[in-house]
Amino acid sequence: MERESKIYVAGHRGMVGSAIVRCLTRQGYTNIITRTHKELDLRRQADVEAFFAAERPEYVFLAAAKVGGIVANESAPADFMYDNMMLEMNVIHAAWKNGCRKLEFLGSSCIYPRLAPQPMKESCLLTSSLEKTNEAYALAKIAGLKYCEYLSRQYGADYISVMPTNLYGPNDNYHPTHSHVLPALIRRFHEAKEAGLQEVVCWGDGSPLREFLYVDDLADLCVFLMNNYSGCETVNAGTGKEITIKELAELVAQVVGYEGVIRWDTTKPNGTPRKLLDVSKARSLGWTYSTELALGIRLAYDDFLNNPMRAER
């Protein structure tokens with residue numbers, strides 16, 4: 001990308017999209033275009049096609065998505081599948097139709113099989129069944145990355161995909177039931193501390209292993225790949241390190257300053273037992289993460305405290 005190239009960041013108000021905009025701005029890119037959901041509903045094909053025909057961006061970061069945690073995914077699978085498939089297909093197709101030079105699709109590590117060999121290589125995609133609690137979202141993301149792959153194979157389009165592990169950081173969603181595990185824990189322990197509660201209840205037994213990547217590190221990789229990688233196979237984005245949910249809860253409680261008891265409700269689901277990405281491909285290309293988890297959680301908690309409206313979403 002040239003510094004004056006026209007770059008469209010879809011989903012610029014979300015956690016990932018806003019981090020990509022920060023990274024592009026920091027690196028001196030000056031022609032970044034965005035649209036809010038009110039200005040452009042990406043689920044509406046005609047509107048998306050009109051936007052691309054008028055703006056003709058040279059590069060596209062497709063970070064827009066309908067996202068949520070276990071509760072949200074289990075309670076509204078039809079919504080997650082429809083919204084995500086519609087918006088990503090509309091954007092990818094309109095970009096290709098209007099001569100976009102390169103597109104980068106942001107997926108999720110939940111695309112990989114529930115019991116995939118660990119750590120999960122990019123090649124394990126579609127080798128066995130998905131985790132049922134977020135199957136609809138995963139299927140939509142698989143469709144998006146496969147469409148990019150097929151456009152590349154059939155037409156020579158330079159469309160690539162990035163599959164991040166669990167993300168956290170500035171501009172995260174802290175909704176009490178629709179957020180992911182790390183921001184949910186930040187909010188839960190903060191509110192427990194403020195209310196003087198002696199006990200906090202967390203779902204499952206705390207045994208699942210998870211990997212977490214600070215969102216600004218992901219954004220750095222996204223811009224790096226846009227400039228340095230072309231290929232049909234996706235690229236995993238992670239740290240290569242994992243932590244149990246129990247250890248994560250204890251770390252979040254420590255950062256927040258909550259000193260009560262953590263109790264585990266084993267009647268609630270754990271989700272996938274382990275989900276660690278093999279990040280050797282990203283490393284071989286010359287990239288590695290820079291923000292360790294303890295520091296990242298402190299930065300995320302500061303963001304939560306300094307932006308109280310985040311908790312209302």
Strictly under 6.0 Å, is that where the ring centroids of His190 and Tyr174 end up?
-> no

Report whether Trp287 and Val16 are members of the same hydrophobic cluster (ILVMFWY, side-chain heavy atoms less than 4.5 Å apart, transitive linking).
-> yes

Under 4.5 Å between side-chain heavy atoms, hopping through other hydrophobics if needed: is there a path connecting Leu276 to Met163?
-> no

Can you sort out the partners of Gln154 under side-chain hydrogen bond (donor to acceptor under 3.5 Å, both in side chains), two or more places apart, ordered by chain and number?
-> none

Can you tell me if Glu88 uses its side chain to pair, donor with acceptor, with the backbone of Gly144 under 3.5 Å?
-> yes

Would you say the side chains of Thr244 and Glu247 form a donor-acceptor pair under 3.5 Å?
-> yes

Less than 4.5 Å apart, any side-chain heavy atom of Met120 and any of Gln118?
-> yes

Do Val261 and Trp203 belong to the same hydrophobic cluster, where Ile, Leu, Val, Met, Phe, Trp and Tyr are linked whenever their side-chain heavy atoms lie under 4.5 Å apart, directly or via other members?
-> no

What pairs meet the ring-ring contact (aromatic ring centres under 6.0 Å, His included) rule with one or both residues in residues 137-161, with sequence neighbours excluded?
-> Trp96-Tyr155

Do Asn236 and Ser109 come within less than 4.5 Å of each other through their side chains, counting heavy atoms only?
-> no

Are Asp83 and Arg43 ion-paired here, with the side-chain N under 4.0 Å from a carboxylate O?
-> yes

Are more than 12 heavy atoms from other residues, nucleotides or ligands located less than 6.0 Å from atom CD of Gln198?
-> no

Hey, are the side chains of Leu209 and Ile243 touching, using non-hydrogen atoms and a 4.5 Å cut-off?
-> no

Does a donor on one side chain and an acceptor on the other come within less than 3.5 Å for Tyr8 and Asn31?
-> no

Is any side-chain heavy atom of Leu115 closer than 4.5 Å to a side-chain heavy atom of Ser129?
-> no

When hydrophobic residues are tied together by side-chain contacts of less than 4.5 Å, even through go-betweens, does Leu125 share a cluster with Met85?
-> yes

Compare all side-chain heavy atoms of His180 with those of Asn173 and state whether any distance is below 4.5 angstrom.
-> no

Ignoring hydrogens and angles, state whether a donor on the side chain of Asp205 or Asn270 is under 3.5 Å from an acceptor on the partner side chain.
-> yes

More than 12 heavy atoms from other groups under 6.0 Å of OH on Tyr82 = no

Keeping the roles fixed (side chain from Asp47, backbone from Asp41), state whether a donor-acceptor pair exists under 3.5 Å.
-> no

Pairwise side-chain contact, Met1 with Ile7, heavy-atom cut-off 4.5 Å (strictly under) = yes

Between Tyr214 and Tyr289, is the gap from one ring center to the other below 6.0 Å?
-> no

Going by an N to O cut-off under 4.0 Å, is there a salt bridge joining Glu55 and Lys6?
-> yes

Count the heavy atoms belonging to other residues, nucleotides or ligands that lie under 6.0 Å from CD of Gln27, then report whether that count exceeds 12.
-> yes

Asp172 side chain vs Tyr168 backbone, donor-acceptor pair below 3.5 Å = no

Distance under 6.0 Å and angle within 45° of the ring axis: does Lys66 meet both against Phe80?
-> yes

Examine Phe105 together with Phe61 and report whether their ring centres are nearer than 6.0 Å.
-> no

Ionic contact status for Glu242 with Arg274, cut-off 4.0 Å | yes

Decide yes or no for His37 and Arg13: does some side-chain heavy atom of the first lie under 4.5 Å from some side-chain heavy atom of the second?
-> no

Could you point out which residue of Leu225, Thr234, Leu145, Val235 forms a side-chain contact (heavy atoms from CB on, under 4.5 Å) with Ile160?
-> Leu225

So if you build clusters from Ile, Leu, Val, Met, Phe, Trp, Tyr with side-chain heavy-atom gaps below 4.5 Å, do Met89 and Leu106 land together?
-> no

Cationic N near anionic O, under 4.0 Å, Glu58 to Lys102 | no

Heavy-atom pair with the smallest gap, counting every atom of Val215 and Gly169 | CG1-CA, 4.1 Å

Examine distances only and state if a side-chain atom of Asp278 and a backbone atom of Glu122 form a donor-acceptor pair shorter than 3.5 Å.
-> no

